[in-house]
Structures are given as C-alpha cells and as structure tokens.
Number of protein chains: 2
Amino acid sequence: MEQGIIINRNTKAIRDSLKNAGIQPSASRMAIASFVWNTDSHPTAEEVKIEVEKAFPTVSLATVYNTLNLFVEKGLLKEVQDSNQRSVRYDCNTTPHFHFIDEATGQMMDLDPEVLRISPDLSKLGAEFKIREIEVTLRGRKMGTPQDKVKQK
Amino acid sequence: MEQGIIINRNTKAIRDSLKNAGIQPSASRMAIASFVWNTDSHPTAEEVKIEVEKAFPTVSLATVYNTLNLFVEKGLLKEVQDSNQRSVRYDCNTTPHFHFIDEATGQMMDLDPEVLRISPDLSKLGAEFKIREIEVTLRGRKMGTPQDKVKQK
DNA sequence: AACTATACTAGAATAATTCTAATTAATCTT
DNA sequence: AAGATTAATTAGAATTATTCTAGTATAGTT
Ligand SMILES: [Mn+2]
Ligand SMILES: [Mn+2]
Ligand SMILES: [Zn+2]
Ligand SMILES: [Zn+2]
C-alpha cells in the first residue's frame, strides 16, 4: 500500500538534472536540490532552510526562496499549498498525482494517480473550458500502522 | 451552460440565517453577509472590506476578518485558496462543488458537481484513509462569449 | 439605571515572501 | 593570467495577509 514516491537522486544525477534544466549547479543549489529531491515530506521553505543549513551553514533565506522559485520555474519542483493555507510547500514529485492530508498531523502524503478516477463530462463542462491542470486534495485521517511512518529508500 | 450559483438572499433571509447559526445579526455582520451571500466572485477579505465600506464606512478590517472567520466556523462560508497562493477567498457556496480558475484573469468560477465524476478506488487507496473532503480545482482558460460575463440574479 | 456579555475598533504584532543594494564567485575575453 | 562581465549570494529592509491586544461601544438583562 505504498503511495509515496521518494526520488532519491545521487549527487551526479542532481548535478545533471540542474545542468539539463539550464541551471548552474552551484554549491547552494546542489545542497537545496539534494534535500528536496530526497524527501517526500513536501517541506516548506523554512524547513528546507533548516535542513540545508546543516550542510551549508551560510545559506541565506533569500537564496532558499530564489532557488526554490527557480526550480519551480524550470519545472523541477511543484508548489503546493500547506493545509494552514498560509505557506507554500515544495513537491519534488512533478508527475500527476494527488494528495492526502491527515488533518490531525497536517502531514501531506502523495497518492498514486491510480487511486482516483476523474472524468470531466465535457457535455456538461462546455468546450470553452480549456483545462490545463486538475488539482485534487483529499483531507481526512490516516489510521496507519506505526510501520507506515518508516521511510524506505 | 450555467455553472455559477448566486445565492442572492434578501435582508430577512440573511437575518434568519445568522440567527439560525447562533450569530447575532449585528449591523456589520448583516452588511458583510449581504455582500458575500450575493456574489459568486469568491472575494478576498480586502474585497469584502471595500464593498462593505460603501454601505458601512466605519467597519474595521479586524471586524471583517472576525466576521468571515465566524461565518466559516459556523459553516456559512467556505474558505478557498486564491490562485496566487497568498490570500484566502470566501465562498458562499457551501455545497460540494468544484472550481475552475481562468489563469489569464485569475477569476474563480464554480463548477457544477455534475461536470466531474470522481471515483476513489478503495482497493488501491487503502481502507485506512478516512476521507472527509475532496477538493478539486481545474486551471486553464475559459474562452467565453461576452455574455458569459453578465451576472444573472 | 446598573451590570454583564458581546461586538467593534485602531493600531501593533506576526509571519511568509519578496525586494534592494552591496558583495562574492564564476565565466568569458583578451 | 588579468581584467571585464555576468551570475549568484547575502543581510536586512519592505511588503502583505492575517491575527492579536486592549480599550471602547453596543446590546441584553436584571
Ligand atoms: Mn512562487
Ligand atoms: Mn481562517
Ligand atoms: Zn506530492
Ligand atoms: Zn465556489
């Protein structure tokens, strides 16, 4: 029953991804990418900063935001809304998928796109609606076994 | 092809709705309710303030927020996220429905729940996910005829 | 009218994000 | 390699949405 996807790229793969997107793989960008591409926790900018500081103590918050925004622009990350509706979270899973938010913990989990079938009824929607993206979030509780908390590589 | 729902309650209906929810229908609450329950524009708090000030010039921003939060608490309004992901919008349509956001104008439109069929595949989702709410937003362009802009009562 | 509870207000505080202007680092040209 | 140019990073100020505070006004109750 594994919904989450952890990208887990190594240093070389990360460097190549950045170069590929036309981004110079500077040290701070590498540090930020290494963190966001190896977690499925949908971190906030502040959480990214806290983690990245461990490896790279001089990184500034402005650089964290600049870098995350750059990654979003280049399609390497997606922005998603935190459930408090106040801050942004960053999602390294840029493939179409859905989210489940546990309302007790606030934790945002990826859902495999196969768990939901979504069919727009064009006859009712009207052809004048040009859809670019469908965003779906489920909210509720996940009654998980403790093992569910364990991250696997 | 009408997706939007305009509640359009008159003064007496609004007063009754407030009383019904256990809210004292003070003058400022009436003014705020009269606006938010007669628009399908999904206004922000700032937009609510600007409108309400016309009828009620001394209303404070704190009262606008207090009142909107109170209405949300009592289930009279729903909060939805603005597409800039920075501010909250208020939706007088508390029945299950979906949203379409025109990415050129930022306009948020209601979609009738019949335009989308959503089926969770419980066998894949897992019974431990207790779903309370499914939130769906479509983004794209609406290539409307000019008449589409006209509000009908 | 006095008392109490509720509602309202102006302005301060908070917090997420962006902006500014200066500094550093990397890349390019000669 | 030196100098010139461009790109990246920084600290801190600015912006903005929202909440908080503490005082004032209003409404309901005896
Ligand atoms: Mn952004
Ligand atoms: Mn709220
Ligand atoms: Zn995700
Ligand atoms: Zn709506």
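Keep in mind that this is a model prediction, so the values were computed, not measured. Below, chain A is the first sequence line, B the second, and so on; all start at residue 1.
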| remark: Here the distance between atom P of dA17(D) and atom CD of Glu79(B), to the nearest Å, is 15 Å
| field | Whether Trp37(B) and Phe71(B) hold their rings parallel, tilted or perpendicular, with breakpoints at 30° and 60° | value | parallel
| query | Of all of residues 53-65 of chain B, which get a heavy atom below 4.0 angstrom from DNA chain D, listed by number? | reply | Leu61(B), Ala62(B), Tyr65(B)
| field | Whole angstrom value for the distance that separates P of dT17(C) from CD of Glu46(A) | value | 9 Å
| field | Residue mapping more 5' on DNA chain C - nearest nucleotide basis, Gln85(B) or Ile23(B) | value | Ile23(B)
| note | What one should report as the nearest heavy-atom pair of Ser41(A) and Thr39(A) is OG-OG1, 2.9 Å
| query | If you group Ile, Leu, Val, Met, Phe, Trp and Tyr by side-chain heavy-atom gaps below 4.5 Å, do Phe35(A) and Val80(A) land in one group? | reply | no
| request: Take atom NZ of Lys49(B) and atom C1' of dT19(D), then tell me their distance rounded to the nearest Å. | output: 16 Å
| Checking all strands, does Ser28(A) fall into the base, sugar-phosphate, or nothing category for heavy-atom contacts under 4.0 angstrom? | sugar-phosphate
| said: For Thr67(B), run the side-chain contact (heavy atoms from CB on, under 4.5 Å) check against Leu77(B), Ile32(B), Ile23(B) and tell me which one passes. | reply: Ile32(B)
| How long is the gap from NE2 on His97(A) to CD on Glu135(A), to the nearest 0.5 Å? | 10.5 Å
| For dT15(D), does OP1 or OP2 lie under 4.0 Å from any side-chain N or O of Arg86(B)? | no
| field | Interatomic distance, Asp82(B) CG vs dA16(C) C1' [rounded to whole Å] | value | 15 Å
| field | Closest approach of Ser87(A) to Thr44(A) (non-hydrogen atoms, all atoms of both residues) | value | OG-CG2, 4.3 Å
| said: Rounding to an integer number of Å, can you tell me how far Asn84(A) CG sits from dA15(C) P? | reply: 12 Å
| query | Looking only at heavy atoms, which two atoms of Thr94(B) and Gly75(B) are closest? And how far apart? | reply | CG2-O, 3.6 Å
| query | Touch check for Gln24(B), heavy atoms < 4.0 angstrom, all strands: base, sugar-phosphate only, or nothing? | reply | sugar-phosphate
| Just by distance, with hydrogens left out, do His42(A) and Asn93(A) show a side-chain donor and acceptor under 3.5 Å apart? | no
| request: Would you name the heavy atoms of Leu125(B) and Pro120(B) that are closest together and state the gap between them? | output: CD2-CB, 4.5 Å
| Taking CD from Glu73(B) and P from dT18(D), how many angstroms apart are they, rounded to a whole number? | 16 Å
| said: Based on the rotation axes of five pairs at each end, what angle does the helix from dA1(C)-dT30(D) to dT30(C)-dA1(D) bend through, to 10°? | reply: 10°
| Shared hydrophobic cluster for Ile131(B) and Ile118(B) (ILVMFWY, side-chain gaps under 4.5 Å) | yes
| field | Spacing of Leu70(A) atom CG relative to dA8(D) atom P, expressed in whole Å | value | 8 Å
| field | Thr44(B) side chain near dA17(D) phosphate (N/O to OP1/OP2, under 4.0 Å) | value | no
| task | Give a yes/no on whether any side-chain N or O of Asn69(A) is located under 4.0 angstrom from OP1 or OP2 of dT18(C). | result | yes
| message | Could you tell me how far apart Leu68(B) (CG) and dA7(C) (C1') are, to the nearest whole angstrom? | response | 15 Å
| Given dT10(D), dA17(D), dA8(D), which nucleotide is nearest the side-chain atoms of Arg29(A)? | dA8(D)
